[in-house]
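Note that ligands are numbered from 1 as they come in the structure, with each ligand's atoms numbered from 1 the same way. In this text the structure is predicted, and so the values were computed from the model without any measurement. For the numbers below, each heavy atom of this structure counts, side chains included, while hydrogens, waters and symmetry mates do not.
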Amino acid sequence: MIIVVKNSCEEKQFTNLIDWVKELGLDVHVSRGEHSTVLGLVGDTSRVDIDLISSLDIVEQVQRVQEPYKNANRKFHPEDSVINVGGHKIGKDKFHVIAGPCSVESEKQIIEVAEAVKASGATMLRGGAFKPRTSPYAFQGLKDTGIELLLKAKKETGLPIVTELLSVNNLDLFKDVDVIQIGARNMQNFELLKEVGKTGKPILLKRGLANTLQELLMSAEYIMAEGDSEVILCERGIRTFETMTRNTLDLSAIPALKDRTHLPIIIDPSHSTGIAKYVEPMSLASVGAGADGLIIEVHNDPKRALCDGAQSLNPEQFDKLMGKIKAMLPLVGKTYGE
Ligand code: PEP
Ligand code: MN
């Protein structure tokens, strides 16, 4: 349920209303806009008397919210959310590119890639330390050493780091990580979502291989219900009958999600296509469709990458792509970085 309160409302009347709602056992999410303030009520609202609330002078409108996601719902928070990652603002009128290798392989590799992507304008560094691989015999990542190397690269370049958490058992290792990535395979690992929601850190939540957008929003809701509102959604391609690309990039997810949620949405053109040559066209298409950013795999030597070399750009290709992305941004009313 949402209550739209007039901005002419006095502070005392406002706090009285909030206290009364809380006494009914509900959580209140406050979103202050230019002309009105929206109160989002979360919990069992069946006992709330809509007519009684509507009759209050300070109330403009009361509306039941049908969707099962509340905190993530744009009706609760009409303005776009802006997520702060080490001073960088993700969402609204900004555009960010997160870049780096699929996995951290060595100190030399991650530092070289970090320096290269920074020089081209990436604002965050990605790199897997714990890798979810289809085969148990494939490279599983450098694990805790991988996190240490990412922190070293962060120290060298100043780039905030984004890396995937696979298990709650490793959460302690992530205390200096700037953005915790929840990968496609864990989108509905609800216990993991609850735990990351308790960290209060920015969370990059990837859409599952076979999940609907509503399910993605419900997973965001799990994180937000724990009090963490810093969620960045990521479309990374879904399973379809098509085999010419690794996955099928669902670009319509951008406008469809934007209609329903205030959370920023970024696109992963690397895992969605699986082919380095297709990363550029799909990146530019993502800009055109209104994405708030991209997460792109870049490797200093893709042919020798331990994971996902075929979809990784080399630093020169990435640099060229960054130039095109920046040139396109004015068309969609966004500015790069910050
Ligand atoms: C990744 O980003 O390296 C990754 C494994 O992505 P996804 O969870 O989207 O497959
Ligand atoms: Mn990868």
Side-chain angles (χ1 to χ4, degrees), residues 96-105 109-110 113-114 117 122 124-136 138-143 146-147 149-150 160-167 170 174 177-189 192-193 196 202-211 213 215-216 219-220 223 231-240 245-251 253 265-276 278-279 282-283 286 291 293-314 318:
H96 285 268
V97 176
I98 305 167
C102 179
S103 39
V104 182
E105 298 170 8
Q109 175 242 18
I110 192 67
V113 178
V117 298
M124 278 163 259
L125 175 68
R126 65 148 287 149
F130 293 89
K131 293 304 304 174
R133 304 302 300 277
T134 302
S135 164
F139 176 56
Q140 305 282 308
L142 296 181
K143 306 190 172 88
I147 304 273
L149 295 178
L150 280 168
I161 54 173
V162 182
T163 192
E164 180 169 356
L165 175 72
L166 285 180
S167 158
N170 298 322
F174 282 63
V177 166
D178 299 278
V179 180
I180 301 179
Q181 177 174 321
I182 297 296
R185 290 152 192 84
N186 272 316
M187 190 202 88
Q188 285 191 315
N189 183 339
L192 189 60
L193 299 177
V196 296
I203 309 296
L204 176 64
L205 177 64
K206 291 189 138 193
R207 180 182 182 180
L209 278 69
N211 285 110
L213 296 175
E215 285 164 344
L216 173 63
S219 292
I223 297 168
V231 181
I232 303 163
L233 303 173
C234 178
E235 158 63 32
R236 46 76 73 211
I238 49 172
R239 275 279 164 86
T240 66
T245 48
R246 183 175 177 182
N247 291 286
T248 297
L249 179 55
D250 178 11
L251 278 182
I265 299 134
I266 69 165
I267 298 293
D268 177 343
S270 309
H271 291 90
S272 50
T273 62
I275 298 164
Y278 301 168
V279 169
M282 298 324 287
S283 296
S286 306
L294 291 158
I295 179 165
I296 300 177
E297 286 190 343
V298 179
H299 196 285
N300 53 344
D301 189 2
K303 282 200 285 297
R304 292 190 181 76
L306 295 181
C307 184
D308 287 350
Q311 67 192 35
S312 300
L313 300 185
N314 64 37
F318 179 67

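- Considering backbone and side-chain atoms alike, Pro132 places every N or O at 3.5 Å or more from each N or O of ligand 1.
- Here the shortest heavy-atom distance to atom 7 (P) of ligand 1, taken over Glu164, Lys206, Arg126, Glu235, belongs to Lys206.
- The side-chain heavy atoms of Ile147 and Leu149, taken from C-beta on, include no pair separated by under 4.5 Å.
- Atoms of ligand 1 lying under 4.0 Å from any heavy atom of Glu297, numbered from 1 in the order shown and given with element: 3 (O).
- Glu297 has a carboxylate O that lies under 4.0 Å from a charged side-chain N of Arg126, or vice versa, which qualifies the two as a salt bridge.
- A search for side-chain hydrogen bond (donor to acceptor under 3.5 Å, both in side chains) contacts involving Gln140 returns nothing, not counting sequence neighbours.
- Across Ser286 and Leu249, no two heavy atoms sit closer than the pair OG-CD2, 4.5 Å.
- For the pair Lys131 and Asp308, the salt-bridge criterion is not met [side-chain N within less than 4.0 Å of a carboxylate O].
- When only non-hydrogen protein atoms are considered, atom 4 (C) of ligand 1 lies nearest to His271 NE2, 3.5 Å.
- With hydrogens left out, the protein atom closest to atom 8 (O) of ligand 1 is Ala184 N, 2.8 Å, a heavy atom.
- Side-chain contact check for Cys234 versus Gln181: every heavy-atom pair is 4.5 Å or farther apart.
- Counting non-hydrogen atoms of neighbouring residues, nucleotides and ligands closer than 6.0 angstrom, the CZ atom of Phe139 exceeds 12 such neighbours.
- Of all atoms in ligand 1, numbered sequentially from 1 with element shown, those under 4.0 Å from a heavy atom of Arg236 are 7 (P), 9 (O), 10 (O).
- The contact set between ligand 1 and Gly183, taken as ligand atoms under 4.0 Å from a residue heavy atom, comprises 8 (O).
- Less than 2.8 Å away from the Mn ion (ligand 2), the protein contributes these N/O/S atoms: Cys102 SG, His271 NE2, Glu297 OE2, Asp308 OD2.
- Residues passing the side-chain hydrogen bond (donor to acceptor under 3.5 Å, both in side chains) test with Arg207, sequence neighbours excluded: Glu235, Asp250.
- Looking at residues two or more places apart in sequence or on another chain, you find a side-chain hydrogen bond (donor to acceptor under 3.5 Å, both in side chains) between Asn189 and Asn186.
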